[in-house]
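Okay, structure first, notes after.
Below, all heavy atoms of this structure are taken into account, side chains as well, without hydrogens, waters or symmetry copies.
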Amino acid sequence: KLQFSLIDQEQRAVAYCERTLAPVATRVGTKIRFVQESVRRLVGRQSARELLGEPDLIYSAGLFDYLSDRMFVALAKSLASALVGEGQLIIGNVSTANSTQPIMEYMLGWFLHHRSEADLLSLASQVSDCAERRVERESSGVNLFLVMGRFGES
């Protein structure tokens, strides 16, 4: 039985996801652990596994592009340490190729850490729990996804 973890610091977001996703998970024979926790406390934990269980997949979109490189690596290390077997950690981040960056920043005051594929791979190289790393992109190229794991390892 596959196990996934869903983490958010906002209690209402976690409750909404639990209401909508738990029935689907039950139907398809998957287990989702719903966790309300702040990034700062998650990074500071001795073991993310005690909080997350033993997930096969940890997926994050809309978080890491708010983090400094130092915090990015610290959180990725913490999350990767919870993975089991051939588990994967997938981290979304807005690309430096985002053509709307000037509008986001100067008109909306919305500042993100835009990162290139090379930036993401460089940060991933500091996450020792993940032997393999690659970057994928969605069709517009604005959103990159760093995929890390121990693919094929036992």
Please enumerate all residues that pass side chain to side chain donor-acceptor pair (under 3.5 Å) together with S116, with sequence neighbours excluded.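 In terms of side chain to side chain donor-acceptor pair (under 3.5 Å), with neighbours along the sequence ignored, S116 is linked to D119.
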ILVMFWY network linking [X] to [Y], side-chain heavy atoms under 4.5 angstrom:
X: F4; Y: V147; result: yes
X: L121; Y: L75; result: yes
X: V73; Y: I7; result: yes
X: L112; Y: L67; result: no
X: V127; Y: V135; result: yes

Between [X] and [Y], which heavy-atom pair has the shortest distance, and what is it?
X: M104; Y: N98; value: SD-ND2, 3.3 Å
X: A82; Y: P55; value: O-CD, 3.3 Å
X: G141; Y: A97; value: O-CB, 4.3 Å
X: S81; Y: S78; value: OG-O, 2.6 Å

When you measure from the side chain of E138 to the backbone N and O of V142, does any donor-acceptor pair fall under 3.5 Å?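 Checked: pair present.
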What salt bridge (charged side-chain N to carboxylate O under 4.0 Å, His left out) pairs are there with at least one residue in residues 54-63, not counting sequence neighbours?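 For residues 54-63: R49-E54.
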Going by heavy atoms in the side chains, are [X] and [Y] under 4.5 Å from each other?
X: I90; Y: L57; result: yes
X: L52; Y: L79; result: yes
X: L6; Y: V35; result: no
X: N93; Y: N143; result: no

Which side chain to side chain donor-acceptor pair (under 3.5 Å) pairs, counting each pair once, include a residue from residues 62-73, with sequence neighbours left out?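 Matches after skipping sequence neighbours: Y66-W110, D69-R115.
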Can you tell me which residue pairs pass the side chain to side chain donor-acceptor pair (under 3.5 Å) test with a partner in residues 18-43, sequence neighbours excluded?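 Sorted result for residues 18-43: E37-R41.
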Would you find more than 12 non-hydrogen atoms of other residues, nucleotides or ligands less than 6.0 Å from F111 atom CZ?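 More than 12 within 6.0 Å, yes.
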Give, for atom OG of S60 and atom CZ of F145, the distance between the pair rounded to the nearest 0.5 Å.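 Those atoms lie 10.0 Å apart.
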To the nearest 0.5 Å, tell me how far L89 CG sits from Y59 OH.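 Reported value, rounded in 0.5 Å steps: 11.5 Å.
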Looking at residues at least two apart in the chain, or sitting in another chain, which of them share a salt bridge (Lys or Arg N to Asp or Glu O under 4.0 Å) with E136?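 Checked E136 against salt bridge (Lys or Arg N to Asp or Glu O under 4.0 Å); matches are R134.
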Which residue pairs satisfy the ring-ring contact (aromatic ring centres under 6.0 Å, His included) criterion with at least one member in residues 80-101, sequence neighbours excluded?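 Sorted pair list comes back empty.
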What ring-ring contact (aromatic ring centres under 6.0 Å, His included) pairs are there with at least one residue in residues 72-98, not counting sequence neighbours?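 Qualifying pairs: F64-F72.
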Just to verify, what does [X] make a side chain to side chain contact (heavy atoms under 4.5 Å, CB included) with, not counting sequence neighbours?
X: A13; value: D8, E10
X: I103; value: M107
X: A124; value: R133, L146, M148

Just checking, is any N or O donor in the side chain of Q101 or S99 under 3.5 Å from an acceptor N or O on the other one?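 Their side chains do not contain a donor-acceptor pair, so the 3.5 Å distance test is not met.
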